[in-house]
Amino acid sequence: MKKLLISVVLLTAAVLAKAEDVRPPNISFDQLLKEITSVELPQAPEPALEKSALPAADGRYWVTVKAADKYVRTRLLEAGMDIVEINKDSVSGFAGPYTMDQLSSKFFSVLSKVPAAQYIARFNKDFPAQDAAYHNFKETTDLLNQMASKHSDIASLFSIGKTVEGRDIWCLRINSNARGTTPSAKPGALYIGNHHAREHLSNEVPLLLAAWLLDHRNDADVKKYIATLDIYIIPMLNPDGAEFDIKTGSYQYYRKNMAVNADKSRGVDLNRNYDSWWCQAGASSYPGSDTYCGPRAFSEPESQAVKRFIEARKNLKTHISYHSYASEILYPWGGSEEDVPNVQDKQVFIKVAAEMGKLTRYEPIKSSDMYVATGDSCDWAYAAAGIFAFTFELEGRGFYPGAAVLTNAVTNNIKAAVYLLSVTDNPYKVI
Ligand code: 0X9
Ligand code: ZN
(Lines give C-alpha, C1' and ligand atoms only; values in the text may rest on other atoms or scores of the structure.)
(Ligands and ions follow the chains in the order given, each with its own letter.)
Protein backbone atom coordinates (compact mmCIF):
# COMPACT_ATOMS: atom_id res chain seq x y z
CA MET A 1 0.00 0.00 0.00
CA LYS A 2 1.35 3.30 -0.98
CA LYS A 3 1.28 6.85 0.04
CA LEU A 4 -1.85 8.80 -0.61
CA LEU A 5 -2.15 11.92 -2.65
CA ILE A 6 -5.25 13.98 -2.09
CA SER A 7 -6.42 15.49 -5.34
CA VAL A 8 -7.65 19.06 -5.46
CA VAL A 9 -11.33 19.49 -6.19
CA LEU A 10 -11.86 21.66 -9.23
CA LEU A 11 -15.20 22.24 -10.85
CA THR A 12 -15.20 23.40 -14.43
CA ALA A 13 -17.82 24.43 -16.90
CA ALA A 14 -16.79 21.54 -19.13
CA VAL A 15 -17.27 19.04 -16.35
CA LEU A 16 -20.63 20.44 -15.34
CA ALA A 17 -21.72 20.32 -18.96
CA LYS A 18 -20.83 16.62 -19.04
CA ALA A 19 -22.71 15.92 -15.83
CA GLU A 20 -25.86 17.32 -17.40
CA ASP A 21 -25.40 15.43 -20.64
CA VAL A 22 -28.40 13.14 -21.05
CA ARG A 23 -27.52 11.64 -24.43
CA PRO A 24 -27.20 7.84 -24.41
CA PRO A 25 -23.55 6.90 -23.77
CA ASN A 26 -21.54 6.23 -26.88
CA ILE A 27 -19.73 2.93 -26.69
CA SER A 28 -17.25 3.40 -29.51
CA PHE A 29 -13.70 3.36 -28.15
CA ASP A 30 -12.80 6.63 -29.91
CA GLN A 31 -15.88 8.35 -28.49
CA LEU A 32 -15.12 7.06 -25.00
CA LEU A 33 -11.58 8.33 -25.31
CA LYS A 34 -12.87 11.71 -26.52
CA GLU A 35 -15.16 11.90 -23.50
CA ILE A 36 -12.19 11.13 -21.27
CA THR A 37 -10.06 13.88 -22.81
CA SER A 38 -12.92 16.38 -22.84
CA VAL A 39 -13.00 16.43 -19.06
CA GLU A 40 -9.28 17.01 -18.64
CA LEU A 41 -9.77 20.74 -18.55
CA PRO A 42 -9.74 21.98 -14.99
CA GLN A 43 -8.88 25.66 -15.25
CA ALA A 44 -8.77 28.29 -12.55
CA PRO A 45 -10.06 27.02 -9.22
CA GLU A 46 -13.38 28.52 -8.28
CA PRO A 47 -13.55 28.01 -4.54
CA ALA A 48 -17.03 29.46 -4.13
CA LEU A 49 -18.56 27.34 -6.81
CA GLU A 50 -18.64 24.00 -5.09
CA LYS A 51 -20.60 25.31 -2.13
CA SER A 52 -23.03 27.38 -4.12
CA ALA A 53 -23.56 24.48 -6.52
CA LEU A 54 -24.79 22.33 -3.66
CA PRO A 55 -28.55 22.36 -3.39
CA ALA A 56 -30.33 23.52 -0.27
CA ALA A 57 -27.90 26.19 0.85
CA ASP A 58 -31.11 27.69 2.18
CA GLY A 59 -30.85 26.89 5.86
CA ARG A 60 -32.65 23.59 5.59
CA TYR A 61 -31.66 20.67 7.77
CA TRP A 62 -32.10 16.94 7.54
CA VAL A 63 -33.57 16.04 10.91
CA THR A 64 -34.65 12.95 12.77
CA VAL A 65 -37.39 13.63 15.30
CA LYS A 66 -39.00 11.37 17.87
CA ALA A 67 -42.47 10.37 16.61
CA ALA A 68 -44.08 7.24 17.99
CA ASP A 69 -47.44 7.56 16.29
CA LYS A 70 -49.40 9.17 13.50
CA TYR A 71 -50.58 11.97 15.79
CA VAL A 72 -47.07 13.22 16.34
CA ARG A 73 -46.39 12.84 12.62
CA THR A 74 -49.41 15.01 11.89
CA ARG A 75 -48.16 17.67 14.30
CA LEU A 76 -44.80 17.57 12.58
CA LEU A 77 -46.41 18.10 9.20
CA GLU A 78 -48.23 21.02 10.72
CA ALA A 79 -44.93 22.39 11.95
CA GLY A 80 -43.84 22.34 8.31
CA MET A 81 -41.66 19.29 8.31
CA ASP A 82 -41.12 17.50 4.97
CA ILE A 83 -41.29 13.89 6.23
CA VAL A 84 -39.28 11.57 4.02
CA GLU A 85 -38.76 8.45 6.13
CA ILE A 86 -41.03 6.97 8.78
CA ASN A 87 -39.42 4.66 11.32
CA LYS A 88 -40.97 2.90 14.32
CA ASP A 89 -40.26 5.62 16.87
CA SER A 90 -39.06 8.48 14.71
CA VAL A 91 -39.33 10.25 11.40
CA SER A 92 -36.64 11.84 9.24
CA GLY A 93 -36.94 14.58 6.68
CA PHE A 94 -36.23 18.17 5.78
CA ALA A 95 -36.90 21.16 7.99
CA GLY A 96 -36.40 24.81 7.03
CA PRO A 97 -35.71 27.69 9.48
CA TYR A 98 -39.37 28.06 10.45
CA THR A 99 -39.79 24.38 11.15
CA MET A 100 -36.51 24.29 13.07
CA ASP A 101 -37.99 26.98 15.34
CA GLN A 102 -41.12 24.93 15.86
CA LEU A 103 -39.09 21.83 16.57
CA SER A 104 -37.28 23.57 19.37
CA SER A 105 -40.54 23.70 21.37
CA LYS A 106 -40.95 21.30 24.26
CA PHE A 107 -43.44 19.24 22.35
CA PHE A 108 -40.85 17.78 19.97
CA SER A 109 -37.61 15.94 20.55
CA VAL A 110 -34.99 16.32 17.81
CA LEU A 111 -32.72 13.28 17.80
CA SER A 112 -30.25 14.47 15.15
CA LYS A 113 -29.76 17.19 12.56
CA VAL A 114 -27.32 17.79 9.70
CA PRO A 115 -27.36 20.54 7.08
CA ALA A 116 -29.47 19.35 4.16
CA ALA A 117 -26.65 19.91 1.67
CA GLN A 118 -24.48 17.48 3.62
CA TYR A 119 -27.26 14.90 3.61
CA ILE A 120 -27.89 15.24 -0.12
CA ALA A 121 -24.18 15.03 -0.93
CA ARG A 122 -24.08 11.74 0.96
CA PHE A 123 -26.31 10.22 -1.68
CA ASN A 124 -24.44 11.60 -4.63
CA LYS A 125 -23.27 8.08 -5.57
CA ASP A 126 -20.86 9.26 -8.18
CA PHE A 127 -17.33 10.42 -8.85
CA PRO A 128 -16.46 13.97 -7.91
CA ALA A 129 -17.03 16.25 -10.90
CA GLN A 130 -13.38 16.49 -11.96
CA ASP A 131 -13.32 12.69 -12.32
CA ALA A 132 -16.65 12.38 -14.14
CA ALA A 133 -14.86 10.56 -16.97
CA TYR A 134 -14.51 7.50 -14.71
CA HIS A 135 -17.35 4.99 -14.86
CA ASN A 136 -19.34 4.05 -11.78
CA PHE A 137 -21.08 0.67 -11.45
CA LYS A 138 -24.22 1.66 -13.35
CA GLU A 139 -22.27 3.34 -16.14
CA THR A 140 -19.97 0.31 -16.37
CA THR A 141 -22.96 -2.05 -16.47
CA ASP A 142 -24.71 0.05 -19.13
CA LEU A 143 -21.61 0.21 -21.32
CA LEU A 144 -21.00 -3.54 -21.08
CA ASN A 145 -24.63 -4.21 -22.00
CA GLN A 146 -24.41 -1.90 -24.99
CA MET A 147 -21.17 -3.50 -26.16
CA ALA A 148 -22.71 -6.97 -25.92
CA SER A 149 -25.85 -5.98 -27.80
CA LYS A 150 -24.08 -3.95 -30.50
CA HIS A 151 -21.65 -6.83 -31.18
CA SER A 152 -23.97 -9.69 -30.30
CA ASP A 153 -22.38 -11.98 -32.92
CA ILE A 154 -19.06 -12.06 -31.03
CA ALA A 155 -19.74 -10.61 -27.55
CA SER A 156 -21.91 -11.73 -24.66
CA LEU A 157 -22.38 -10.53 -21.11
CA PHE A 158 -23.07 -12.64 -18.05
CA SER A 159 -22.74 -12.40 -14.30
CA ILE A 160 -20.13 -14.59 -12.62
CA GLY A 161 -21.85 -14.14 -9.25
CA LYS A 162 -23.15 -11.62 -6.78
CA THR A 163 -21.28 -9.46 -4.33
CA VAL A 164 -21.86 -9.15 -0.58
CA GLU A 165 -24.41 -6.41 -1.28
CA GLY A 166 -26.03 -8.30 -4.15
CA ARG A 167 -24.52 -6.51 -7.16
CA ASP A 168 -23.68 -8.55 -10.23
CA ILE A 169 -20.06 -9.15 -11.14
CA TRP A 170 -20.22 -8.70 -14.89
CA CYS A 171 -18.10 -10.55 -17.40
CA LEU A 172 -17.94 -9.60 -21.08
CA ARG A 173 -16.89 -12.50 -23.25
CA ILE A 174 -15.49 -12.04 -26.76
CA ASN A 175 -15.49 -15.23 -28.79
CA SER A 176 -16.57 -15.75 -32.41
CA ASN A 177 -18.56 -18.90 -31.77
CA ALA A 178 -19.27 -19.39 -28.06
CA ARG A 179 -21.54 -17.24 -25.94
CA GLY A 180 -22.20 -16.77 -22.24
CA THR A 181 -21.11 -19.72 -20.15
CA THR A 182 -20.90 -22.24 -22.99
CA PRO A 183 -17.52 -24.00 -22.76
CA SER A 184 -14.85 -23.39 -25.38
CA ALA A 185 -11.73 -25.35 -26.22
CA LYS A 186 -9.95 -22.26 -27.54
CA PRO A 187 -7.10 -20.92 -25.39
CA GLY A 188 -8.47 -18.35 -22.96
CA ALA A 189 -7.33 -14.95 -21.65
CA LEU A 190 -8.84 -13.34 -18.58
CA TYR A 191 -8.66 -9.67 -17.53
CA ILE A 192 -9.96 -8.59 -14.11
CA GLY A 193 -10.10 -5.10 -12.61
CA ASN A 194 -10.98 -3.44 -9.34
CA HIS A 195 -10.21 -6.06 -6.68
CA HIS A 196 -9.53 -2.98 -4.58
CA ALA A 197 -12.32 -0.43 -4.24
CA ARG A 198 -10.36 2.83 -4.55
CA GLU A 199 -8.31 1.68 -7.55
CA HIS A 200 -10.83 3.04 -10.03
CA LEU A 201 -8.32 3.24 -12.88
CA SER A 202 -8.20 -0.55 -12.72
CA ASN A 203 -11.84 -0.64 -13.87
CA GLU A 204 -11.29 1.85 -16.70
CA VAL A 205 -8.43 -0.08 -18.33
CA PRO A 206 -10.24 -3.41 -18.85
CA LEU A 207 -13.53 -1.64 -19.63
CA LEU A 208 -11.96 0.38 -22.42
CA LEU A 209 -9.96 -2.65 -23.53
CA ALA A 210 -13.31 -4.33 -24.22
CA ALA A 211 -14.54 -1.31 -26.19
CA TRP A 212 -11.28 -1.17 -28.17
CA LEU A 213 -11.27 -4.87 -29.08
CA LEU A 214 -14.85 -4.67 -30.33
CA ASP A 215 -14.21 -1.46 -32.27
CA HIS A 216 -11.11 -2.99 -33.85
CA ARG A 217 -12.68 -6.37 -34.50
CA ASN A 218 -11.82 -6.13 -38.19
CA ASP A 219 -8.11 -5.38 -37.75
CA ALA A 220 -6.25 -8.46 -38.98
CA ASP A 221 -4.64 -9.38 -35.66
CA VAL A 222 -7.71 -8.67 -33.50
CA LYS A 223 -9.89 -10.59 -35.93
CA LYS A 224 -7.58 -13.58 -35.55
CA TYR A 225 -7.65 -13.40 -31.74
CA ILE A 226 -11.45 -13.18 -31.69
CA ALA A 227 -11.68 -16.19 -34.01
CA THR A 228 -9.11 -18.34 -32.23
CA LEU A 229 -9.21 -17.32 -28.55
CA ASP A 230 -11.72 -17.16 -25.70
CA ILE A 231 -11.47 -13.67 -24.18
CA TYR A 232 -13.05 -12.71 -20.83
CA ILE A 233 -13.12 -9.23 -19.31
CA ILE A 234 -14.38 -8.61 -15.75
CA PRO A 235 -13.70 -4.90 -15.20
CA MET A 236 -15.28 -4.48 -11.77
CA LEU A 237 -14.80 -7.36 -9.35
CA ASN A 238 -15.60 -5.26 -6.28
CA PRO A 239 -18.46 -2.94 -7.28
CA ASP A 240 -19.72 -2.70 -3.67
CA GLY A 241 -16.42 -1.23 -2.55
CA ALA A 242 -16.04 0.98 -5.62
CA GLU A 243 -19.53 2.45 -5.08
CA PHE A 244 -18.88 2.93 -1.37
CA ASP A 245 -15.68 4.77 -2.22
CA ILE A 246 -17.49 7.39 -4.32
CA LYS A 247 -20.96 7.60 -2.85
CA THR A 248 -20.48 10.75 -0.79
CA GLY A 249 -19.04 12.60 -3.76
CA SER A 250 -15.65 12.72 -2.06
CA TYR A 251 -13.30 9.76 -2.01
CA GLN A 252 -13.17 7.45 1.00
CA TYR A 253 -9.80 5.78 0.29
CA TYR A 254 -11.59 2.47 0.75
CA ARG A 255 -9.80 -0.75 -0.20
CA LYS A 256 -11.78 -3.83 0.81
CA ASN A 257 -15.12 -5.41 -0.07
CA MET A 258 -18.23 -4.61 2.00
CA ALA A 259 -18.42 -7.77 4.14
CA VAL A 260 -19.69 -7.24 7.68
CA ASN A 261 -17.07 -8.86 9.88
CA ALA A 262 -17.63 -10.71 13.15
CA ASP A 263 -16.60 -7.62 15.13
CA LYS A 264 -18.93 -5.45 12.98
CA SER A 265 -16.03 -3.80 11.15
CA ARG A 266 -16.38 -3.68 7.37
CA GLY A 267 -14.48 -5.45 4.68
CA VAL A 268 -12.10 -8.22 3.68
CA ASP A 269 -9.09 -7.50 1.46
CA LEU A 270 -10.04 -9.54 -1.60
CA ASN A 271 -6.40 -9.75 -2.69
CA ARG A 272 -5.54 -11.55 0.56
CA ASN A 273 -8.49 -13.95 0.46
CA TYR A 274 -7.32 -16.50 -2.15
CA ASP A 275 -6.03 -19.88 -1.11
CA SER A 276 -2.33 -19.31 -1.77
CA TRP A 277 -0.44 -19.57 1.53
CA TRP A 278 -3.56 -17.87 2.88
CA CYS A 279 -2.93 -15.34 5.63
CA GLN A 280 0.64 -16.42 6.29
CA ALA A 281 2.55 -13.22 5.49
CA GLY A 282 1.75 -9.69 4.35
CA ALA A 283 -1.83 -10.06 5.50
CA SER A 284 -3.67 -9.38 8.73
CA SER A 285 -6.10 -11.52 10.69
CA TYR A 286 -7.49 -8.42 12.45
CA PRO A 287 -10.85 -7.69 10.82
CA GLY A 288 -10.61 -3.92 11.10
CA SER A 289 -7.33 -3.74 9.20
CA ASP A 290 -7.02 -2.86 5.54
CA THR A 291 -5.23 -6.11 4.72
CA TYR A 292 -7.68 -8.39 6.55
CA CYS A 293 -7.48 -11.82 4.92
CA GLY A 294 -11.01 -12.85 5.96
CA PRO A 295 -12.09 -15.63 8.34
CA ARG A 296 -10.89 -18.32 5.90
CA ALA A 297 -9.61 -18.60 2.33
CA PHE A 298 -12.34 -17.87 -0.19
CA SER A 299 -14.72 -16.63 2.49
CA GLU A 300 -15.94 -13.85 0.19
CA PRO A 301 -18.50 -14.12 -2.63
CA GLU A 302 -16.29 -12.04 -4.94
CA SER A 303 -13.20 -14.28 -4.60
CA GLN A 304 -15.42 -17.38 -4.65
CA ALA A 305 -16.84 -16.17 -7.98
CA VAL A 306 -13.33 -15.92 -9.45
CA LYS A 307 -12.48 -19.38 -8.09
CA ARG A 308 -15.59 -20.94 -9.64
CA PHE A 309 -14.99 -19.07 -12.88
CA ILE A 310 -11.38 -20.23 -13.26
CA GLU A 311 -12.00 -23.80 -12.11
CA ALA A 312 -14.80 -24.16 -14.67
CA ARG A 313 -12.58 -23.02 -17.57
CA LYS A 314 -9.59 -25.27 -18.03
CA ASN A 315 -8.82 -23.49 -21.32
CA LEU A 316 -7.56 -20.31 -19.56
CA LYS A 317 -3.87 -19.70 -20.27
CA THR A 318 -3.17 -16.04 -19.48
CA HIS A 319 -4.45 -13.44 -17.05
CA ILE A 320 -3.97 -9.85 -15.95
CA SER A 321 -5.33 -8.55 -12.65
CA TYR A 322 -5.33 -4.74 -12.71
CA HIS A 323 -4.46 -2.72 -9.61
CA SER A 324 -3.02 0.72 -8.95
CA TYR A 325 -0.58 2.34 -8.47
CA ALA A 326 3.15 1.74 -8.96
CA SER A 327 3.78 1.42 -12.73
CA GLU A 328 4.87 -2.20 -12.26
CA ILE A 329 4.15 -5.56 -13.81
CA LEU A 330 4.34 -8.30 -11.20
CA TYR A 331 4.67 -12.03 -11.72
CA PRO A 332 4.64 -14.93 -9.18
CA TRP A 333 5.42 -15.59 -6.55
CA GLY A 334 4.02 -12.79 -4.47
CA GLY A 335 3.52 -14.87 -1.34
CA SER A 336 7.04 -16.30 -1.26
CA GLU A 337 10.48 -14.95 -2.02
CA GLU A 338 11.19 -18.10 -4.05
CA ASP A 339 10.96 -18.17 -7.83
CA VAL A 340 8.28 -20.40 -9.35
CA PRO A 341 9.85 -23.87 -9.39
CA ASN A 342 9.21 -24.68 -13.07
CA VAL A 343 12.15 -23.19 -14.96
CA GLN A 344 10.33 -22.85 -18.28
CA ASP A 345 7.38 -21.15 -16.63
CA LYS A 346 9.73 -18.74 -14.92
CA GLN A 347 11.30 -17.86 -18.26
CA VAL A 348 7.86 -17.28 -19.78
CA PHE A 349 6.86 -15.02 -16.89
CA ILE A 350 10.05 -12.98 -17.21
CA LYS A 351 9.89 -12.68 -21.00
CA VAL A 352 6.18 -11.80 -21.22
CA ALA A 353 6.44 -9.30 -18.35
CA ALA A 354 9.44 -7.67 -20.05
CA GLU A 355 7.56 -7.30 -23.36
CA MET A 356 4.51 -5.82 -21.64
CA GLY A 357 6.87 -3.58 -19.67
CA LYS A 358 8.22 -2.11 -22.91
CA LEU A 359 4.69 -1.30 -24.10
CA THR A 360 3.57 0.34 -20.86
CA ARG A 361 6.89 1.67 -19.55
CA TYR A 362 6.10 -0.20 -16.34
CA GLU A 363 8.83 -2.06 -14.50
CA PRO A 364 8.58 -5.86 -14.66
CA ILE A 365 9.46 -7.48 -11.31
CA LYS A 366 8.77 -10.57 -9.27
CA SER A 367 5.74 -9.80 -7.14
CA SER A 368 7.44 -10.56 -3.82
CA ASP A 369 10.15 -7.99 -4.68
CA MET A 370 7.44 -5.41 -4.05
CA TYR A 371 6.51 -7.11 -0.81
CA VAL A 372 5.64 -10.63 0.26
CA ALA A 373 1.88 -10.87 0.56
CA THR A 374 -0.02 -14.13 0.70
CA GLY A 375 -3.52 -14.92 -0.56
CA ASP A 376 -3.25 -12.92 -3.79
CA SER A 377 -5.26 -13.81 -6.85
CA CYS A 378 -2.42 -14.26 -9.33
CA ASP A 379 -0.43 -16.65 -7.13
CA TRP A 380 -3.58 -18.72 -6.77
CA ALA A 381 -4.43 -18.65 -10.51
CA TYR A 382 -0.94 -19.87 -11.37
CA ALA A 383 -0.69 -22.46 -8.56
CA ALA A 384 -4.20 -23.87 -8.98
CA ALA A 385 -4.68 -23.65 -12.74
CA GLY A 386 -1.24 -23.07 -14.30
CA ILE A 387 -2.36 -19.72 -15.71
CA PHE A 388 0.33 -17.18 -16.61
CA ALA A 389 -1.07 -14.52 -14.28
CA PHE A 390 0.27 -10.97 -13.98
CA THR A 391 -0.63 -8.22 -11.54
CA PHE A 392 -0.47 -4.79 -13.18
CA GLU A 393 0.09 -1.89 -10.85
CA LEU A 394 -1.10 0.90 -13.11
CA GLU A 395 0.35 4.38 -13.26
CA GLY A 396 -0.54 7.59 -11.46
CA ARG A 397 0.64 9.35 -8.37
CA GLY A 398 -2.02 8.17 -5.97
CA PHE A 399 -5.22 6.18 -6.00
CA TYR A 400 -7.04 9.13 -7.56
CA PRO A 401 -4.77 10.26 -10.39
CA GLY A 402 -7.56 12.17 -12.12
CA ALA A 403 -8.86 12.08 -15.66
CA ALA A 404 -5.52 13.26 -17.03
CA VAL A 405 -3.89 9.82 -16.79
CA LEU A 406 -6.68 7.96 -18.51
CA THR A 407 -5.63 8.40 -22.12
CA ASN A 408 -2.06 7.17 -21.62
CA ALA A 409 -2.96 4.44 -19.19
CA VAL A 410 -5.69 3.09 -21.41
CA THR A 411 -3.85 3.26 -24.73
CA ASN A 412 -0.57 1.77 -23.45
CA ASN A 413 -2.31 -0.94 -21.46
CA ILE A 414 -4.37 -1.95 -24.47
CA LYS A 415 -1.09 -2.59 -26.28
CA ALA A 416 0.11 -4.81 -23.43
CA ALA A 417 -3.22 -6.64 -23.18
CA VAL A 418 -3.19 -7.28 -26.93
CA TYR A 419 0.40 -8.52 -26.71
CA LEU A 420 -0.80 -10.99 -24.07
CA LEU A 421 -3.47 -12.17 -26.52
CA SER A 422 -0.74 -12.73 -29.10
CA VAL A 423 0.93 -15.32 -26.84
CA THR A 424 -2.20 -16.87 -25.35
CA ASP A 425 -2.32 -19.66 -27.96
CA ASN A 426 0.99 -20.94 -26.59
CA PRO A 427 2.83 -18.82 -24.01
CA TYR A 428 5.87 -21.11 -24.25
CA LYS A 429 6.56 -19.89 -27.77
CA VAL A 430 8.22 -16.77 -26.32
CA ILE A 431 11.19 -18.74 -24.91
O1 0X9 B 1 -1.10 -5.42 -2.05
C2 0X9 B 1 -1.72 -5.74 -3.08
O3 0X9 B 1 -2.69 -6.48 -3.06
C4 0X9 B 1 -1.25 -5.19 -4.43
N5 0X9 B 1 -0.88 -3.81 -4.32
S6 0X9 B 1 -2.05 -2.68 -4.08
O7 0X9 B 1 -1.40 -1.41 -3.83
N8 0X9 B 1 -2.86 -2.53 -5.43
O9 0X9 B 1 -2.89 -3.11 -3.04
C10 0X9 B 1 -0.03 -5.92 -4.88
C11 0X9 B 1 -0.21 -7.38 -5.02
C12 0X9 B 1 1.05 -7.99 -5.40
N13 0X9 B 1 1.15 -9.24 -4.79
C14 0X9 B 1 2.07 -9.57 -3.86
N15 0X9 B 1 3.11 -8.83 -3.62
N16 0X9 B 1 1.84 -10.70 -3.28
ZN1 ZN C 1 -4.82 -3.17 -5.48
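Counting starts at 1 for both ligands and their atoms, in listed order. For this chain, numbers begin at 1 and follow the sequence in order. Owing to the predicted nature of the structure, the values given are computational and were not obtained by experimental measurement.
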Can you check whether His195 reaches Asp376 side chain to side chain, under 4.5 Å on heavy atoms?
no
If only side-chain N and O atoms count, and only distance matters, is there a donor-acceptor pair under 3.5 Å linking Asn203 with Thr140?
yes
Hydrogens and angles aside, do Asp345 and Tyr382 bring a side-chain donor and acceptor to less than 3.5 Å of each other?
yes
Residues that Cys293 engages under disulfide bond (SG atoms under 2.5 Å apart), provided they are two or more places apart
Cys279
Does ligand 1 have any atom sitting under 4.0 Å from a heavy atom of His195?
no
Taking side chain to side chain contact (heavy atoms under 4.5 Å, CB included) as the test, write out the residues that go with Lys358, two or more places apart.
Glu355
Which atoms of ligand 1 are found less than 4.0 Å from any heavy atom of Ser324?
7 (O), 8 (N)
For Tyr286 and Tyr292: C-alpha separation, side-chain torsions, deciding distance, then whether ring pair (Phe, Tyr, Trp, His ring centres under 6.0 Å) applies.
CA-CA 6 Å; Tyr286 173 64; Tyr292 177 44; 8.1 Å; no
Are Asp30 and Lys34 close enough for a salt bridge, meaning some N to O gap below 4.0 Å?
no
Counting heavy atoms only, which of Tyr322, Trp333, Trp277, Tyr371 comes nearest to atom 2 (C) of ligand 1?
Tyr371
Check each atom of ligand 1 against the heavy atoms of Leu330 and keep those under 4.0 Å away; list them by number with element.
12 (C)
Regarding ligand 1, does Thr374 bring an N or O atom to under 3.5 Å of one of the ligand's N or O atoms?
no
Would you check the N or O atoms of Val372, main chain and side chain alike, for any that come under 3.5 Å of an N or O of ligand 1?
no
Please check whether Phe399 reaches ligand 1 - meaning an N/O of the residue sits under 3.5 Å from an N/O of the ligand, judged on distance alone.
no
Using a strict cut-off of 4.0 Å, indicate which atoms of ligand 1 neighbour a heavy atom of Ser367.
12 (C), 13 (N), 14 (C), 15 (N), 16 (N)
Using a plain distance cutoff, I'd like to know if Glu199 has any nitrogen or oxygen under 3.5 Å from a nitrogen or oxygen of ligand 1.
yes
Does one side chain, of Tyr362 or Glu395, offer a donor that lies under 3.5 Å from an acceptor on the other?
yes
Counting only protein N, O or S atoms and ignoring waters, those under 2.8 Å from the Zn ion (ligand 2) are His196 ND1, Glu199 OE1, Glu199 OE2, His323 ND1
Taking only non-hydrogen atoms of Asp376 and a 4.0 Å limit, the atoms of ligand 1 in range are 12 (C), 13 (N), 14 (C), 16 (N)
Indicate yes or no: does Asp240 engage Arg266 in a salt bridge with an N to O separation below 4.0 Å.
no
Report, in ascending order of atom number, the atoms of ligand 1 lying under 4.0 Å from any heavy atom of His196.
2 (C), 3 (O), 8 (N), 9 (O)
Under 4.0 Å from a heavy atom of Arg255: which atoms of ligand 1 are those, numbered in the order shown and with their elements?
1 (O), 2 (C), 3 (O), 6 (S), 9 (O)
Listed partners of Asn145 passing side chain to side chain contact (heavy atoms under 4.5 Å, CB included), at least two apart
Thr141, Leu157
Ring centroids only, cut at 6.0 angstrom: are Tyr400 and Tyr253 within range, meaning strictly under it?
yes
For Arg272, take its heavy atoms, then give the atoms of ligand 1 lying under 4.0 Å from any of them.
1 (O), 2 (C), 3 (O)
Does His323, backbone or side chain, put an N or O under 3.5 Å from an N or O of ligand 1?
yes
Is the closest side-chain donor-acceptor distance between Asn273 and Ser299 under 3.5 Å?
yes
Electrostatic pair Lys346:Asp339 at N-O distance under 4.0 angstrom
yes
What atoms of ligand 1 come closer than 4.0 angstrom to any heavy atom of Asn271?
2 (C), 3 (O), 11 (C)
